[in-house]
A.B. asks: 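The structure's right below; bear with me while I get my questions together.
Naming convention: chains lettered A, B, ... in sequence-line order (proteins, then strands); numbering from 1 in each chain.
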Amino acid sequence: MSKKPSLPKGTRDFGPEQMFKRNFIIETIKKVFEKYGFMPLETPAMENLSVLTGKYGDEGDQLLFRILNSGDFLSKTQPADFEEGTKSLVPKISEKGLKYDLTVPFARYVVMNRNDITFPFKRYQIQPVWRADKPQKGRYREFFQCDADIVGTDSLVCEAELLAMVQEVYKCFAFDAYSISISNRKILEGIAEVCGAKEEFSRFCVILDKLDKIGKEKVFDELALLGLNKQSLHRLDQILALSGNNVEKLDALLSLLNESEIGQKGIAETRETLDNLSLLGFLTDKVLVDFTLARGLSYYTGMIYEVKPTTIKMGTITAGGRYDNLTGVFGLEGISGVGISFGIDRIYDTLEELNLFPQAKARYSKLLIVSFDDAAQKHSLNLLSKLRAAGISAELYPEPAKLKKQLGYADKKGIPYVLLVGSEEMKNLQYTLKYMETGNQDSFSIEDVIKHLLEETN
RNA sequence: GUGGUUGUAGUUCAGUUGGUUAGAACGCCUGAUUGUGGUUCAGGAGGUCGUGGGUUCGAGUCCCAUCUUCCACCCCA
């Protein structure tokens, strides 16, 4: 008859235990965002497909979840539409899709509200997004993005502030085993230029990005296939071999890229970002200039950065960069933006693996009232409201079940105190307060119970 | 999208070359204990073996399809 229920592929439930931890992460990040002057924004789960399509490349378009039009959506189609195939049919039966990321809806919002927004506009947004991807571990069809962006200025102060926020957030988690890699698209373009790979820039980057995954030799093999000559590969080898601290590396790179104007610009931007960060009072030793960083280059145009844990096997937990002309596709030119995205799921896994979640205090009720019979239940309702009025989270077992059951409930739910209410207690207005951990118990008036618990909390 | 992998009780897993009534641990329920949880002891419930076909006298076991899980690529958070 009834089938076992199931979840769509690549989606998850978050149980209470997980939600406490997720909320802890989200609340912490939110507080830091707000401390830096970012304001909250939410956009709908669905957008018109005209907003979404064409923004993420051909592959991205295929990963969009499309929503069928309401009603008899086939009535507006012709047999010819079917014959022409999916591409022709889809626009006629689907006008909306689930959002794929937070950046494009944000750009849409900025354009629609350009007259009311005070620029530079700093917003943060924490919402689920959907991708019709093939799920794997740490990769889902529904997942949360946690973004903060600044639009309407190209000041490199913004980059520094975002990097400062990264460090503040992880400090709040007491998590220190990470490193921030930074680079600049312009540096990469400069490297590609002096290596004669300017025409094949994006493929050049994709290959370069695999460096720590497949090793230098294979990367060089692939680059040779791409058409780089020996001289170019030698130059690249020199660049990759640069060592020393960030300043030394950037200085050395400057001379190696002296033929590339854009490369020089990228180096200058990187320097300024690092300067700004240290002026903000942050150590830059967590920040590592890495010329091979080549993520998200389809949209980033300036500084790019990526955060990874150093002591455990885990992918990128935070990433971001600058994208010029964010709103250009929606007809508003000349608005530059820079943003950062925290990967909540991976941060969760990291904190879990390193055992960094704080011991949960008072996550559940502080006290459970256990009543012996119906009369005690009624009597307990008044006690319950007194406890709650005093700010103590308390609950009453909703039926006068056997004590074993009620106490077992408190035990499993981790409720530290139990208040027993029976005929004896009601007669004297002295209630039995039991401390579950030790099993000790004593009699108190309700006022003393409240007093006791409030002292305990402080 | 390409290639591989997984699925047996609420959970983690056994289950012989295809052969009676599919097991264990933990969890759950009941009792020992009608005013006291965790520990202990006794008992109990719980499975269309992912789903649908097929081969066979006979399928958890073999074959096909499909869904799901995980992994590698592509890409990405």
Side-chain angles (χ1 to χ4, degrees), chain A residues 1-12 15 56-64 86 99-103 125-147 202-203 205-207 209-210 213-214 218 294-300 306-308 314-321 339-350 368-373 376 397 400-427 431-443:
Chain A
M1 282 283 282
S2 65
K3 278 208 164 176
K4 280 184 186 172
S6 63
L7 235 36
K9 188 199 275 217
T11 65
R12 306 158 286 167
Y56 310 103
D58 285 346
E59 298 214 9
D61 282 356
Q62 291 186 338
L63 297 182
L64 287 173
T86 312
K99 69 176 170 231
Y100 178 91
D101 73 353
L102 301 181
T103 309
Q125 192 169 354
I126 303 171
Q127 288 192 272
V129 300
W130 295 268
R131 296 183 187 180
D133 212 344
K134 198 164 179 173
Q136 284 183 29
K137 188 168 193 173
R139 195 169 186 179
Y140 305 95
R141 294 184 131 183
E142 177 186 66
F143 63 96
F144 273 74
Q145 285 193 332
C146 177
D147 285 14
S202 63
R203 282 176 65 194
C205 290
V206 168
I207 296 170
D209 190 45
K210 294 186 198 167
K213 211 170 185 179
I214 63 173
K218 284 190 179 170
R295 275 295 180 81
L297 287 162
S298 51
Y299 43 96
Y300 290 140
E306 201 173 290
V307 183
K308 274 185 183 171
M314 180 75 62
T316 307
I317 51 176
T318 298
I340 190 112
S341 183
F342 286 84
I344 291 177
D345 291 304
R346 284 187 181 171
I347 291 172
Y348 184 105
D349 291 342
T350 302
L368 175 76
I369 300 183
V370 168
S371 59
F372 290 80
D373 50 36
Y397 197 87
K402 288 189 176 173
L403 284 205
K404 182 181 169 73
K405 188 143 194 164
Q406 300 194 52
L407 288 168
Y409 174 83
D411 189 39
K412 284 200 185 112
K413 215 172 156 184
I415 299 173
Y417 288 95
V418 159
L419 194 68
L420 297 155
V421 180
S423 52
E424 294 278 311
E425 284 82 355
M426 287 193 286
K427 200 172 358 169
Y431 308 96
T432 306
L433 181 66
K434 180 183 175 78
Y435 184 54
M436 292 296 280
E437 199 176 311
T438 58
N440 294 341
Q441 59 186 54
D442 218 333
S443 289

A.B. asks: Look at all strands and tell whether Lys210(A) reaches a base, only sugar-phosphate, or nothing, counting heavy atoms closer than 4.0 Å.
C.D. replies: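 Sugar-phosphate contact only.
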A.B. asks: Indicate, with a heavy-atom threshold strictly under 4.0 Å, whether Gly60(A) touches base, sugar-phosphate, or nothing.
C.D. replies: nothing
A.B. asks: Hey, does Glu437(A) reach any base, or is it just sugar-phosphate, or nothing, if we go heavy atoms under 4.0 Å?
C.D. replies: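 Here Glu437(A) touches the bases of the nucleic acid.
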A.B. asks: Report which part of the nucleic acid Leu7(A) touches: base, sugar-phosphate, or nothing (heavy-atom distance under 4.0 Å, all strands).
C.D. replies: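 The residue Leu7(A) makes no contact with any strand.
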A.B. asks: Within the 4.0 Å heavy-atom criterion, would you say Glu424(A) contacts the bases, only the backbone, or no part of the nucleic acid?
C.D. replies: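 If one applies the 4.0 Å heavy-atom cut-off, Glu424(A) turns out to touch a base.
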A.B. asks: Under 4.0 Å, counting only non-hydrogen atoms across every strand here, what does Gln136(A) touch: a base, just sugar-phosphate, or nothing?
C.D. replies: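 The residue Gln136(A) makes base contact.
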A.B. asks: When the distance from CZ of Phe372(A) to C1' of G35(B) is rounded to whole Å, what number comes out?
C.D. replies: 4 Å
A.B. asks: From the list G37(B), U36(B), U30(B), which nucleotide is the closest neighbour of the side chain of Lys405(A)?
C.D. replies: U30(B)
A.B. asks: Looking across every strand, which nucleic acid part, if any, lies under 4.0 Å from Arg346(A) by heavy atom: base, sugar-phosphate, or nothing?
C.D. replies: sugar-phosphate
A.B. asks: Within this structure, what is the CG-to-C1' distance between Leu407(A) and G38(B), rounded to whole angstrom?
C.D. replies: 10 Å
A.B. asks: Which part of the nucleic acid, if any, lies within reach of Lys434(A) when heavy atoms closer than 4.0 Å are counted: base, sugar-phosphate only, or nothing?
C.D. replies: base
A.B. asks: Could you check how far CG of Asn440(A) sits from P of G37(B), rounded to whole Å?
C.D. replies: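 Atom CG in Asn440(A) sits about 15 Å away from atom P in G37(B).
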A.B. asks: Using only side-chain N and O atoms of Lys404(A), determine if any of them is under 4.0 Å from OP1 or OP2 of G35(B).
C.D. replies: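 Answer no for this pair, as no side-chain N or O of Lys404(A) is under 4.0 Å from OP1 or OP2.
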A.B. asks: Taking any strand in view, what nucleotide pairs with A24(B) in a Watson-Crick or G-U wobble way, both distances under 3.5 Å?
C.D. replies: U12(B)
A.B. asks: Are side-chain heavy atoms of Asn440(A) and Asp442(A) found at a separation under 4.5 Å?
C.D. replies: no
A.B. asks: Tell me the interatomic distance from Glu59(A), atom CD, to C73(B), atom P, rounded to whole angstroms.
C.D. replies: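 The distance from CD of Glu59(A) to P of C73(B) comes to 15 Å, rounded to the nearest Å.
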A.B. asks: Which distance, rounded to the nearest 0.5 Å, do you find between the CG of Leu64(A) and the CD of Glu59(A)?
C.D. replies: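 Output value for this atom pair is 12.5 Å.
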A.B. asks: Taking the P atom of each, how far is C49(B) from G10(B), in whole Å?
C.D. replies: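 Result for the P pair: 12 Å, nearest Å.
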A.B. asks: Looking for any heavy atom pair under 4.0 Å, which part of the strands does Lys402(A) touch: base, sugar-phosphate only, or nothing?
C.D. replies: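 The answer is sugar-phosphate, as Lys402(A) gets under 4.0 Å only of primed atoms, P, OP1 or OP2.
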A.B. asks: Any base atoms under 4.0 Å from Glu425(A), or only sugar-phosphate, or nothing? Heavy atoms, all strands.
C.D. replies: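 Glu425(A): base contact, heavy atoms under 4.0 Å.
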A.B. asks: Contact class for Gly414(A) vs. all strands (heavy atom < 4.0 Å): base, sugar-phosphate, or nothing?
C.D. replies: nothing
A.B. asks: So which of Ile126(A), Leu102(A), Thr318(A) actually passes side chain to side chain contact (heavy atoms under 4.5 Å, CB included) with Cys146(A)?
C.D. replies: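 That would be Ile126(A).
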A.B. asks: For G35(B), give its Watson-Crick or G-U wobble partner with both distances under 3.5 Å, or none.
C.D. replies: none
A.B. asks: Mind checking if Phe342(A) touches a base, just sugar-phosphate, or nothing, with heavy atoms under 4.0 Å?
C.D. replies: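 Contact class for Phe342(A): none.
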A.B. asks: Is the Lys NZ or Arg CZ of Arg12(A) less than 6.0 Å from the centre of Tyr140(A)'s six-membered ring, within 45° of the axis?
C.D. replies: yes
A.B. asks: So what does Gln406(A) touch, heavy atoms closer than 4.0 Å: a base, only the sugar-phosphate, or nothing?
C.D. replies: nothing
A.B. asks: Please give the distance between the P atoms of C57(B) and A14(B) as a whole number of Å.
C.D. replies: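 It comes out at 32 Å once rounded to the nearest Å.
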A.B. asks: Rounded to whole angstrom, note down the P distance from C74(B) over to U69(B).
C.D. replies: 22 Å
A.B. asks: From CG of Leu63(A) over to C1' of A77(B), roughly how many Å is that when rounded to an integer?
C.D. replies: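 The answer, rounded to whole Å, is 13 Å.
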A.B. asks: Without decimals, in angstroms, what is the distance between Tyr435(A) OH and G37(B) P?
C.D. replies: 18 Å
A.B. asks: Report the residues that fulfil side chain to side chain donor-acceptor pair (under 3.5 Å) with Lys434(A), sequence neighbours left out, ordered by chain and then residue number.
C.D. replies: none
A.B. asks: Over how many whole Å does the gap from Asp133(A) atom CG to U68(B) atom C1' extend?
C.D. replies: 17 Å
A.B. asks: Can you figure out which of C29(B), A77(B), U36(B) approaches the side chain of Lys412(A) most closely?
C.D. replies: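 Closest nucleotide to the Lys412(A) side chain: C29(B).
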A.B. asks: To the nearest angstrom, how far is Lys134(A) atom NZ from U68(B) atom C1'?
C.D. replies: 12 Å
A.B. asks: Between Asp101(A) and Tyr56(A), does the side chain to side chain donor-acceptor pair (under 3.5 Å) criterion hold? Intermediate values first, please.
C.D. replies: CA-CA 10 Å; Asp101(A) 73 353; Tyr56(A) 310 103; 2.7 Å; yes
A.B. asks: Hydrogens and angles aside, do Glu306(A) and Thr316(A) bring a side-chain donor and acceptor to less than 3.5 Å of each other?
C.D. replies: yes
